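Only a predicted model underlies this, so the values are computations on that prediction, with no experimental measurement involved.
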Amino acid sequence: MWNISEVALQLPTSRASDRLLQPLWDYLVFHHYRLVSSPFFPVMLAFSSYFIFSCPFAILDLLGERAPAFYSYKIQKERRPTVSMMMRSLGMAVYNHLVFVIPIVLINSAVMPAPPLPAIAPTVWELFSGGLGALLIFDTQYFFWHMAHHKNGHLYKWVHAIHHDYISPFSWSTEHLSAVELMTVGFWSNLDPLLLQCHPLTTWTLTIFSIWLSVEDHIGYDLPWTPSRLVPFGLLGGALAHDLHHQKPSSNFAPFFSHWDTLFGTSNNVEKRTEKSVLNGKDA
């Protein structure tokens with residue numbers, strides 16, 4: 001897809017479809033084909049989602065008590081990120097993308113060019129089931145990877161420790177990662193939808209939603225309208241669970257769901273903990 005003259009030849013032909021998502025897909029393909037067919041589009045989508053989702057909570061952290069409606073939901077009120085902390089995490093994310101992610105995308109696109117985009121949109125069920133399936137697979141992969149890195153001192157020191165620079169996470173710290181961890185997460189995020197043969201629209205939707213969940217885990221605010229609070233039965237971990245993981249790193253290893261921590265006995269039942277007990281928890 002490096003040859004611009006090939007775009008017109010590869011552009012799918014539209015045909016009538018009663019699928020609900022077809023108008024959206026037609027709009028993306030016929031009006032933004034060069035953008036969405038670029039090998040850099042998934043990277044741009046992922047990083048822009050991280051940036052856009054993080055900004056509002058960075059502003060809330062800077063406002064602090066001056067935004068009492070939100071500050072009341074702050075989990076660790078005694079710990080607030082500084083501007084330098086925010087810039088360090090954002091700078092690390094930018095550096096990792098420029099030095100590691102973009103070169104890998106260049107090599108991969110040269111070795112294995114992506115096929116033309118399909119003409120037909122996925123059904124709503126295909127988007128939902130494919131996205132949920134990939135999310136569950138990733139949750140499993142990261143749970144065991146994450147737990148192994150906390151159990152093995154060498155792995156923790158050289159790969160994962162940098163993510164625990166801050167006991168109280170904040171939105172920009174979502175991608176406060178070593179290059180190895182970022183590459184591992186990126187590899188799974190790209191591989192899992194391919195294994196399930198997900199439609200590109202499903203993959204892009206999954207990218208946005210999973211990054212929202214990741215940012216939500218790190219915002220440091222236990223807001224009542226976030227997915228972890230809206231989804232019943234405590235199926236999702238959310239900000240409170242991951243905040244507790246940064247305070248007590250021997251618990252809550254799963255990135256999104258709660259079932260693996262429950263099965264392995266590493267779940268800290270945050271629902272039964274008062275805010276006071278969370279704030280007074282001893283650092284591991």
Side-chain angles (χ1 to χ4, degrees), residues 42-43 45-47 49-50 53 92-93 96-97 100-101 104-105 108 112 114 126-164 169 173-200 202-218 227-228 231 234-239 241-246 248-268:
V43 177
L45 183 65
F47 190 84
S49 297
Y50 158 68
F53 293 152
M92 184 178 297
N96 283 338
H97 279 76
F100 300 104
V101 176
I104 289 178
V105 172
N108 184 70
M112 295 184 298
E126 287 170 345
L127 187 144
F128 174 78
S129 61
L132 179 60
L135 205 62
L136 286 167
I137 293 174
F138 178 88
D139 192 76
T140 301
Q141 294 164 328
Y142 191 81
F143 171 81
F144 288 105
W145 184 95
H146 194 188
M147 185 167 62
H149 281 69
H150 275 279
K151 301 294 184 183
N152 185 294
H154 294 291
L155 288 175
Y156 180 82
K157 177 181 178 180
W158 295 108
V159 178
H160 187 60
I162 193 171
H163 186 63
H164 284 267
S173 69
T174 303
E175 294 200 8
H176 190 94
L177 307 170
S178 69
V180 174
E181 181 165 356
L182 181 63
M183 293 297 100
T184 302
V185 170
F187 175 73
W188 289 332
S189 298
N190 285 278
L191 176 65
D192 296 342
L194 291 176
L195 293 176
L196 296 181
Q197 298 182 336
C198 291
H199 190 281
T202 301
T203 303
W204 303 339
T205 304
L206 172 65
T207 296
I208 296 172
F209 184 65
S210 62
I211 289 178
W212 163 254
L213 290 179
S214 297
V215 172
E216 181 201 334
D217 277 356
H218 294 84
S228 61
V231 174
L235 296 177
L236 296 179
H242 195 70
D243 200 284
L244 189 57
H245 169 73
H246 276 257
K248 295 180 175 293
S250 60
S251 64
N252 299 340
F253 295 119
F256 304 134
F257 298 96
S258 59
H259 56 277
W260 285 117
D261 281 304
T262 300
L263 289 172
F264 279 80
T266 55
S267 175
N268 198 313

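Between the side chains of H163 and H218, at least one donor N or O sits under 3.5 Å from an acceptor N or O. A side-chain donor from one of H245 and H164 sits under 3.5 Å from a side-chain acceptor of the other. Using modelled atom types, one finds a donor on one side chain and an acceptor on the other under 3.5 Å when comparing T140 with W260.
Annotation: F143 is in aromatic contact with F264 [ring centroid separation under 6.0 Å]. The aromatic ring centroids of Y142 and W145 lie less than 6.0 Å from each other.
Using the six-membered ring where Trp is involved, H246 and H242 have ring planes that are perpendicular, over 60° apart on the 30 and 60° scheme. H150 and Y156 have tilted rings, their planes meeting at an angle from 30° to 60° on a 0 to 90° scale.
Under the 4.5 Å side-chain criterion, counting only non-hydrogen atoms from C-beta, H160 is not in contact with S178. A heavy-atom distance below 4.5 Å is found between the side chains of P227 and W212. Between T266 and S250 the shortest side-chain heavy-atom distance does not fall below 4.5 Å. F209 has its side chain within reach of L213: a pair of non-hydrogen atoms, C-beta onward, lies under 4.5 Å apart. Residues P255 and H146 are not in side-chain contact: their nearest non-hydrogen atoms beyond the backbone lie 4.5 Å or more apart. A 4.5 Å side-chain heavy-atom check between H149 and V180 finds every atom pair outside the cut-off. Looking only at side-chain heavy atoms (C-beta outward), F257 and L135 come within less than 4.5 Å of each other.
Nearest heavy atom pair, residue T262 against residue S267, reads N-CB, 3.9 Å. Shortest non-hydrogen contact noted between C198 and G130 is SG-O, 3.8 Å. Contact detail for A254 and D261: the closest heavy-atom pair is N-OD2, 3.0 Å. Nearest heavy atom pair, residue L177 against residue L182, reads CD1-CD1, 4.1 Å. The two atoms that bring P193 and S189 nearest to each other are CD-O, 3.1 Å, heavy atoms only. Closest of all the heavy-atom pairs between A134 and L196 is N-CD1, 3.3 Å.
The structure places OG of S258 at 12.5 Å from CG of N268, a figure rounded to the nearest 0.5 Å. Summarising the geometry, atom CD1 belonging to I211 is positioned 10.0 Å from atom CZ belonging to F47; distances are rounded to the nearest 0.5 Å. Distance check, rounded to the nearest 0.5 Å: CD1 of I104 to CE of M183 gives 4.5 Å. To the nearest 0.5 Å, atoms NE2 (H97) and OH (Y50) are separated by 9.0 Å. In this structure, OG1 on T203 lies 7.0 Å from CG on L194, to the nearest 0.5 angstrom.
Applying the salt bridge (charged side-chain N to carboxylate O under 4.0 Å, His left out) test to residues at least two apart or on different chains, the pairs with a partner in residues 126-155 are R19-E126.
For E181, there are no salt bridge (charged side-chain N to carboxylate O under 4.0 Å, His left out) partners two or more places apart in sequence or in a different chain. Residues forming a side-chain hydrogen bond (donor to acceptor under 3.5 Å, both in side chains) with D192 (at least two apart in sequence, or on another chain): Q141.
Within 6.0 Å of CZ in F187 there are 12 or fewer heavy atoms belonging to other residues, nucleotides or ligands.
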